[in-house]
Amino acid sequence: MGDRAQDDRAQDDRAQDDRALWDRAAEGDETAFSELFERHAEAVWNHAYRLTGSWSAADDLTSNTFLTAWRRRADVTLVRDSALPWLYTVAANAARDEYRGVRRRLRLLRKIPDPPVVSDHADAVAERLDGEQRLREIVEAVRTLPKSQREVVELCLLGDVSVADAAALLTVAEVTVRAHLSRARARLRTLLEEK
């Protein structure tokens with residue numbers, strides 16, 4: 001029982017010291033404020049860490065808490081002459097503000113549309129070169145076809161002419177054009193797969 005009485009007296013002395021230090025700090029005494037900081041920084045940091053679960057956030061909150069304390073030192077009323085409850089309240093309010101700010105920024109980020117996908121110029125060049133190479137291979141393969149198949153391929157596949165129009169141009173039946181196309185496709189497929 002005697003130990004508890006001593007602890008209560010020590011806490012009362014510390015609270016009275018907080019009041020005296022705070023009053024001096026309110027008048028602009030930086031040394032008194034530094035002493036308050038040294039006395040309570042660890043407890044405020046621990047409280048901030050419990051609120052955030054982050055060491056860096058606890059560091060920031062502790063700094064913000066004492067910055068606020070310095071700015072508002074003249075108009076603060078200490079509870080039971082102890083600075084700690086007020087410092088804890090400031091830290092908790094700052095933690096809530098930071099949490100709300102983070103949530104607000106995340107909501108805003110979700111509203112921003114994803115940037116459009118811009119194709120890489122190198123990919124476009126490579127595709128064009130690949131396409132040109134492939135077209136040269138096709139044209140070369142078409143040249144090896146028999147004349148009747150080559151004419152049908154040039155009109156229908158490369159020229160996008162209908163079968164009926166190709167038949168009229170070549171003065172042959174549509175069924176003949178279809179037969180030449182079928183044989184030419186099979187031969188081209190074989191020739192191009194070999195390359």
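Excluded from the calculations below are hydrogen atoms, water molecules and symmetry mates; all remaining heavy atoms, backbone and side chain alike, are included.
A donor-acceptor contact closer than 3.5 angstrom is absent between the side chains of Thr52 and Ser54.
The number of heavy atoms from other shown groups lying within 6.0 Å of CZ (Arg71) does not exceed 12.
Under the 4.5 Å side-chain heavy-atom criterion for ILVMFWY residues, a single connected hydrophobic cluster contains both Leu21 and Leu87. Residues Leu61 and Phe37 are members of separate hydrophobic clusters, defined by side-chain heavy-atom contacts under 4.5 angstrom among Ile, Leu, Val, Met, Phe, Trp and Tyr.
When the options Leu181, Val161, Leu145 are evaluated for a side chain to side chain contact (heavy atoms under 4.5 Å, CB included) with Val152, the one that passes is Leu181.
Annotation: side chain of Asp17 is in contact with side chain of Arg39 (closest heavy-atom distance under 4.5 Å). Side-chain contact between Gln149 and Val142 is absent, with no heavy atoms from C-beta onward closer than 4.5 Å. Counting only heavy atoms from C-beta outward, the side chains of Arg96 and Asn93 approach each other to under 4.5 Å. Looking at Glu151 and Leu169, their side chains never come closer than 4.5 Å, going by heavy atoms from C-beta outward. The side-chain heavy atoms of Thr190 and Arg187, taken from C-beta on, include no pair separated by under 4.5 Å. Side chains of Arg107 and Arg104 form a contact here, defined as non-hydrogen atoms less than 4.5 Å apart. Residues Asp75 and Arg72 are in side-chain contact: their nearest non-hydrogen atoms beyond the backbone lie under 4.5 Å apart. Residues Leu51 and His47 have side chains in contact (heavy-atom distance under 4.5 Å, counting atoms from C-beta outward).
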*Kindly indicate, with the supporting measurements, whether the criterion side-chain hydrogen bond (donor to acceptor under 3.5 Å, both in side chains) is fulfilled by Asp165 and Ser162.*
CA-CA 5 Å; Asp165 290 344; Ser162 70; 3.2 Å; yes
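For Ala25 against Trp70, the heavy-atom pair with the smallest separation is O-CZ3, 4.3 Å.
A salt bridge links Arg105 with Glu98: at least one charged nitrogen is closer than 4.0 Å to a carboxylate oxygen.
Aromatic ring centres of Trp45 and Tyr49 lie closer together than 6.0 Å.
In this structure a side-chain-to-backbone donor-acceptor pair under 3.5 Å is present from Thr89 to Pro85. No side-chain donor-acceptor contact under 3.5 Å links Trp86 to the backbone of Val76. Of the possible polar contacts, none joining the Asp81 side chain to the Arg19 backbone as a donor-acceptor pair under 3.5 Å is found.
To the nearest 0.5 Å, atom CD of residue Glu154 and atom NZ of residue Lys147 are 10.5 Å apart.
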